[in-house]
Every structure is written in C-alpha cells, then in structure tokens.
S.K.: 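Have a look at the structure that comes next, please.
These figures come from a predicted structure and were not determined experimentally. In what follows, chains carry the letters A, B, and so on, assigned in the order in which the sequence lines appear, proteins first and then strands, with residues in each chain numbered from 1.
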Amino acid sequence: MDMDKLVSLCKRRGFLFQSSEIYGGLNGFWDYGPLGVELKRNIKEAWWQDMVRGHDELVTPPGAPSAYEMTGLDSTIIMHPQVWKCSGHYDLFHDWMQTCRQCKRLVRADHVWNMIKEAPWALSFAETLEVTNWGDKLRFNSLRTLQWAKNKGRKTAPNLAIVRNPEVTLSWLSEDLENNPNLDLDLPTLLQYMATEQKAQTGLQTPCPHCGGDLTEPREFNLMFETHTGAVQTEESKTFLRPETAQGIFVNFKNVLDSTRVKVPFGIAQMGKSFRNEITPRNFTFRSREFEQMEIEFFCHPSESRQWYQYWRDRRWRWYQDLGIPEGRLRLREHDKDELSHYSVGTADIEYGFPFLAENEYGELEGIAHRGDFDLRSHMEGKLVKNAEGCLEVEMVEEEGGKKRPKWKGSGRDLTYRDEATNERYTPHVIEPSAGADRATLAFLCEAYHEDQAPDEKGEMQTRVVMKFHPRIAPVKAAVFPLVKKDGMPEIAQDIYRGLKKKFSAFYDEKGAVGRRYRRQDEAGTPYCITVDGQTLQDKTVTIRDRDTLEQWRVKVDDVVEEISQRVS
RNA sequence: GCGGGUGUAGUUCAAUGGUAGAACGAAAGCUUCCCAAGCUUUAGGCGAGGGUUCGAUUCCCUUCACCCGCUCCA
C-alpha cells in the first residue's frame, strides 16, 4: 500500500490533519478530524471496555495465574518534578550529543568511546602500534603512525586529522612530548592528538567513531518538554509535561489501595496524552511529539510475575487481532538481554508492518515490560541504578567533603503491600502493557485501506477505495439513504436514522445518485448502508448493503436497529 | 541536528517574469428505483516572510512543512 494515498485520504475525508496547518504546520503534531476522532475514540473505548470496565474479576481468564481486579485512573500531565527525577526520566532524557564536523553524524556523548573501541579504523591502528589494552601507557612510533595514516587510515578514517594533514597534526604531539617527556600517553589520548589539527585553537579533539573527523562539544538534547508552574519563571518553578502516563499510576498506588479495597494481583489502567520532544518526528503520526498512551500497571506478587508477564503479552497480542489486524501483519518480539531498559527483566514489543517501513521491518505498537519493583521502590527510596552485582540500589552522589547522599531523594512513603491472608509484606512487581493510541489508530488505518474493483452504472469496473475497519472501531456504523428524494422515502429513512442515532453514530444522506453515496461511505469505512426503496413503501422492508462484499439483503424497518446493533458490537 | 528532494484549488497534477488551467471532489437545482450516470450553475489555490524587478507563483535569500537517507527512538 502506498502511504501517500492513505495520507491524502486522511486529509480528504477528515481523519487526520496537520496541526496548525493554516500557519504552515508544526513538526510532530497532528489533529484528528471528524472521522478520525470517532475512530480513535472507538479504539480507546474498545481498550477501556476490554481491559477495565468489561473485565470479570470473579473468574480466572484463560492463561492467567488467577482471577484479578482492574481499576482506572486519570492523573495529571504536569506532576511534581521529583516524580521525573526518581523515575529516571530526568537524567535519562537529557542526552548529551556530539556532531561530527566532517560527516555530520550525531552520536551520544556517553557512547563515543565505546564506539571508537569497536571502530574498524581504531582497531587497525591499535594493531599497528601493538596496543592490546586501551588504558595502557604506550610507546609512540611516529614512523608506523605515518605509514598507517597513508594506507589503512586513508581508507578507514578519511576525516582523521592525521590522515588529512599528517605533518601539522604530528607536530603538536612532538612538541608536547619534547616539553613534557613524562607525558602519560595511552591510546585514547593518542587518538585525540591524531584527531586534532589545530591544537592551539581548539584543544584536543575527540574523533568521530565513524569517519575520524572531529566532534563538536557535547550539546544537550532535552527530550522532556519543560514549562513553569506559577506566574514567575525560575529554576524552582520549572515543571515537565509527562513523557509517559505510567508514573501517575505509581505515585497514586497507595491512594488506590487505600480507597478501593483492591487486592494484589490487580491492575490500574490509564489513558492520556504524553509528550516527548523527539529529535526526528517522522512517518505521519507514528512518531509524534504529543501522543496518547493506553497504559496498564499490573501489580502482582514477585513469585508470580513471570506468569503474569506472559499472560499480558499474550492477551495484548490477541487484542489487536480481535480488532482486525491479521497475525501475519504483526510481530511479537522479545527484547534481547542487552536491549532491555535499565529497570526491566523482560520486555516484548507488539509490532506492526507499517507500509512506510521496509519489507520485513516492523514498528512498535505496544511494549509489554516486566518492570520488577523498580518504580515503586524508586518512589519510596529515590532514583535507583544497577550496581556491579546487577542489583538495584539508590544512586549516590558525593558531596564536598566526601559525604555521600542520594542523587534524587524518594518520597519516603511506604509503597509496600501487605497480604492480609499470609501476613506477608512485600513490594509488588509490575507488568506494564503500554500501548500507543495514535500508533494503534495509524495501524488500523493502514490495515483498513483497500482498493478493489466495483462496477459502475454502466457495468464497467472502477477502482473503489474502501476502508475496511472492524465494525467495532468504524467511525460511522451505518448510513441511511432514501433511494430517491420523493414518494415519502426521505421521511421513512429519517425515522430509521433517528432510531440508529440513539445507539451509535449514523449518517443520513439523500443527495445525488445512490451509487455515489455508497462510495462516499466506503471511503469513510461505514460497514452498513441502509436504503429505503419502492418496496419499502409496500412491505416495510429496507435493504442493508455490506461494505466489503457489496451484498444486499432485506430486513423489516422495525428490525433495522437490532440488526445493525448485533453486527457492530 | 546534518545532507538530498518537494511545496500551485479539498485531492491528483499542468502552465507561466505580465489576467494561473484541468480532472476528480465539494455545494445548489433539475433528473434519477441500487453502486462515482446526465444536464445547468456556483465556490475554491501559487506554504510564509524578505529581496531583485515597472511587475515575482516563476529568479535569489531566509523560514516552515512534507518525503528520502543519516542520527535518535528511554
């Protein structure tokens, strides 16, 4: 499917518009039009109904370790700044990045040296100087270095200063070695010299892992939107728009426990807007700066957490299929150990083969993460990091005088849980199915788009664009037409329309040829069209036309609402 | 953030240093008894800002947005 076709249909029919379009648009922000808002709302309501309101806490669902309760929450977008400091977002979302002045590539400042250590050019140079250990003090061999620069260096690191201008670059090193015979020269330091052409002006440069060019100073990329609460804007008043809804659930964990009589295991669900100042919003609404999440934090006993993780992974995997995405278009991907987030002991992504991606590439719809007790403990104890043994402990910073204190102090509140039956007290583990509402909407849009052939009035085949939404999420459930605008047909059709509207979104249209009206509804994805015709006047039946098969059948006027209700729920 | 490409009507596309066209779509009317029909009529556009010029949608600069590649994606 051609993405451009979908984008223009979304614009034309009112599914999605660019935000602030009359002013030229704003990168990373999208508005939902009249049809889009119904579609997205139906998706969110399906999620809420299936996960929360419709959940039966009295029986054990297939695949679940036990029965469980579900409850909802709606927390604020702006929260106490300490929430983000303890959650890790404040530190993690302030990425320091460096750009290569030569090849223009962007690299994370804290990754640069690890990347250099694996760069082919650096490895080959280390070999030339017979360096096996990067931190070791080394003997500098100017002849071998020059030879390397002229041969292997030229091929593998073309932008390295010593390759571009060996004489000038080497002169700085010789000068420093003369002035300071005890100069501690290890490989990283030597590589810096080799990346530096004008040391007097620039100081020692860091080489680009990709091409050897010199990198800019680290610059801060802040992925959290900042704002201020209160009229006076100071460092003290700085607050953040939430980059995820999850933290609102964790900080309300105790409130929910104290107010609802829920027992572990149970889940708290929340839908809402989140904000991330993405470096590169791309691919229609797939990566937006303002987006909506549908998140569940499921609290369980640590000993059962793996089973619950599997339950939620499979449950959520099936949900997308139940709403019409075939299994073959989806991928369930378990993260590798080294890919896991700092808190997670297991994560799976549910991905969809979006048409803007290459063949066999998939984009994330939802992540199901086993977060352990990281979040609740963080909000009790303070920001946690993994220590050398791989255990979580409070991150400490050293004050003047060598005293240590927590980097970000937690709330100090007791967020543990006591099991009344066993009298055991513990910090629950958390399974987090975190879905993107806009990504799901986009996936359903992509999946719905079809072009097929349908005959026109003359019997010639014409291309028909039809959005084959699952009836449950279709923006409009049924449209009602009088076949012609006379003989009392409009009045009957309007009565039917009013009856339908009481239960779900319906559309009435009496303008133009009926074929045209059918095609319009095809593009909107309306699953059923009801037509009042001459026979209606005699036997009080109407036709119902199926969007996908184009089949028509007759039902009694009085049965229309019931017939459509059954088919769309 | 970098490099390349593209911005003309709701959509898809033309043309032009001197009044911007088409198709489809939309609206109104007539006609129409089942899949974009016909006839009549109507509305609607050069992404934004600046410069060059007698005059700029066209040339130049800046900016914004979209697409592709790089980078990033907790």
S.K.: Any strand is fair game: report the nucleotide pairing with U42(B) by Watson-Crick or G-U wobble, both distances under 3.5 Å, or none.
M.R.: A26(B)

S.K.: Contact class for Gln18(A) (heavy atom, under 4.0 Å): base, sugar-phosphate, or nothing?
M.R.: sugar-phosphate

S.K.: Strictly distance-based, threshold 3.5 Å: is any side-chain N or O of Glu366(A) a donor or acceptor partner for the main-chain N or O of Asp349(A)?
M.R.: no

S.K.: Looking at G7(B), which nucleotide sits across from it as a Watson-Crick or G-U wobble partner, both distances under 3.5 angstrom, or is there none?
M.R.: C64(B)

S.K.: Just how far is it from atom OG1 of Thr526(A) to atom CG of Leu35(A), taken to the nearest 0.5 Å?
M.R.: 7.5 Å

S.K.: Considering only side-chain heavy atoms of Arg519(A), which listed nucleotide, C34(B), C35(B), C66(B), is closest?
M.R.: C35(B)

S.K.: Where the side chain of Asn27(A) is defined as all heavy atoms beyond and including C-beta, which of U12(B), C33(B), C66(B) is the nearest nucleotide?
M.R.: C66(B)

S.K.: Please evaluate residues Tyr90(A) and Trp408(A) with respect to the criterion ring-ring contact (aromatic ring centres under 6.0 Å, His included), reporting the C-alpha separation (whole Å), side-chain torsions for both, the decisive distance (0.1 Å), and the verdict.
M.R.: CA-CA 10 Å; Tyr90(A) 181 85; Trp408(A) 304 115; 5.4 Å; yes

S.K.: Between U57(B) and U16(B), how far apart are the two C1' atoms, rounded to whole Å?
M.R.: 9 Å

S.K.: In whole angstrom, give me the gap between the P atoms of G3(B) and G55(B).
M.R.: 34 Å

S.K.: Tell me what Ser8(A) touches on the nucleic acid: a base, only sugar-phosphate, or nothing, going by heavy atoms under 4.0 Å.
M.R.: sugar-phosphate

S.K.: Mind checking the C1' distance from U42(B) to A65(B)? Whole angstroms is fine.
M.R.: 32 Å

S.K.: Salt-bridged, Arg329(A) to Glu447(A), with N to O below 4.0 Å?
M.R.: yes

S.K.: Between Phe275(A) and Arg289(A), is there a cation-pi geometry (under 6.0 Å to ring centre, at most 45° from the normal)?
M.R.: no

S.K.: Which nucleotide sits closest to the side chain of Asp487(A): A36(B), C66(B), C33(B)?
M.R.: C33(B)

S.K.: For Thr541(A), is there any backbone N or O sitting under 3.5 Å from a side-chain donor or acceptor partner on Thr536(A)?
M.R.: yes

S.K.: Base of C35(B), side chain of Arg517(A) - is there a donor-acceptor contact under 3.5 Å?
M.R.: no

S.K.: Between Leu223(A) (CG) and G1(B) (C1'), how many Å, whole number?
M.R.: 13 Å

S.K.: May I ask which nucleotide in the shown strands pairs with A37(B), Watson-Crick or G-U wobble, both distances under 3.5 Å?
M.R.: none

S.K.: Grab the N/O contacts between the protein and nucleotides 26-30 of chain B below 3.5 Å, and write none if there aren't any.
M.R.:
unit_1	atom_1	unit_2	atom_2	d
A26(B)	OP1	Arg520(A)	NH1	2.5
A26(B)	OP2	Arg516(A)	NH1	2.8
A28(B)	OP1	Lys511(A)	NZ	2.9

S.K.: Could you give the CZ-to-C1' distance, from Arg12(A) to G25(B), as a whole number of Å?
M.R.: 8 Å

S.K.: Between U31(B) and C66(B), how far apart are the two P atoms, rounded to whole Å?
M.R.: 48 Å

S.K.: Quick check: on RNA chain B, is the nucleotide nearest Leu483(A) upstream (toward 5') of the one nearest His89(A), or the reverse? Name the residue that is more 5'.
M.R.: Leu483(A)

S.K.: Do Ser75(A) and Gln270(A) pass the side chain to side chain donor-acceptor pair (under 3.5 Å) test, and can you show the C-alpha distance, the side-chain angles, and the key distance before you say yes or no?
M.R.: CA-CA 8 Å; Ser75(A) 66; Gln270(A) 166 160 243; 3.0 Å; yes

S.K.: Report the residue (Phe291(A) or Arg282(A)) whose heavy-atom-nearest nucleotide on RNA chain B is the more 5′ of the two.
M.R.: Arg282(A)

S.K.: Expressed in whole Å, how much space separates the C1' atoms belonging to G69(B) and U58(B)?
M.R.: 30 Å

S.K.: Considering only the P atoms, how many Å lie between A56(B) and G50(B), rounded to the nearest integer?
M.R.: 12 Å

S.K.: Under 3.5 Å, side chain of Asp559(A) to main-chain N/O of Val555(A), donor-acceptor pair present?
M.R.: no

S.K.: Heavy atoms under 4.0 Å, any strand shown: does Asp4(A) hit a base, just sugar-phosphate, or nothing?
M.R.: nothing

S.K.: Does C72(B) have a Watson-Crick or wobble partner in any strand here, with both distances under 3.5 angstrom, and which is it?
M.R.: none

S.K.: Does G55(B) pair with anything, Watson-Crick or G-U wobble, both distances under 3.5 Å, and if so, with which nucleotide?
M.R.: none

S.K.: Could you tell me the Watson-Crick or G-U partner of C13(B), where both distances fall under 3.5 Å? Say none if there is no partner.
M.R.: G21(B)

S.K.: Just compare C34(B), C68(B), A36(B) and give me whichever is closest to any side-chain atom of Asn283(A).
M.R.: C68(B)

S.K.: At 4.0 Å (heavy atoms only), tell me whether Leu9(A) reaches a base, stays on the sugar-phosphate, or touches nothing.
M.R.: nothing

S.K.: Name the nucleic acid region contacted by Tyr90(A), choosing base, sugar-phosphate or nothing; use a 4.0 angstrom heavy-atom cut-off, strictly under.
M.R.: nothing

S.K.: Which one, U11(B), A36(B), C35(B), comes nearest to the side chain of Glu523(A)?
M.R.: A36(B)

S.K.: Is there a side-chain polar atom (N or O) of Lys11(A) under 4.0 Å from OP1 or OP2 of U11(B)?
M.R.: yes

S.K.: Counting heavy atoms from C-beta on, name the nucleotide in C34(B), C33(B), G10(B) closest to the side chain of Met489(A).
M.R.: C33(B)

S.K.: Set out, line by line, the N/O atom pairs under 3.5 Å between protein and nucleotides 42-49 of chain B.
M.R.:
none

S.K.: Taking the six-membered ring of Phe286(A), is the NZ or CZ of Arg439(A) close enough (under 6.0 Å from the centre) and on axis enough (within 45°)?
M.R.: yes

S.K.: With rounding to the closest Å, how many angstrom separate the C1' atoms on A15(B) and A22(B)?
M.R.: 11 Å

S.K.: To the nearest Å, how far apart are Phe356(A) CZ and C66(B) C1'?
M.R.: 14 Å

S.K.: Would you say the base of C34(B) and the side-chain of Asp533(A) have a donor-acceptor pair closer than 3.5 Å?
M.R.: yes

S.K.: Would you give the length of the straight line joining atom CG of Leu241(A) to atom CH2 of Trp84(A), rounded to the nearest 0.5 angstrom?
M.R.: 9.5 Å

S.K.: Do Ile249(A) and Ile296(A) make a side-chain contact, defined as non-hydrogen atoms from C-beta onward lying under 4.5 Å apart?
M.R.: no

S.K.: From Arg371(A) CZ over to Phe299(A) CZ, what is the distance, rounded to the nearest 0.5 angstrom?
M.R.: 10.0 Å

S.K.: Which value, in whole Å, describes the distance between the P atoms of nucleotides A26(B) and A37(B)?
M.R.: 9 Å

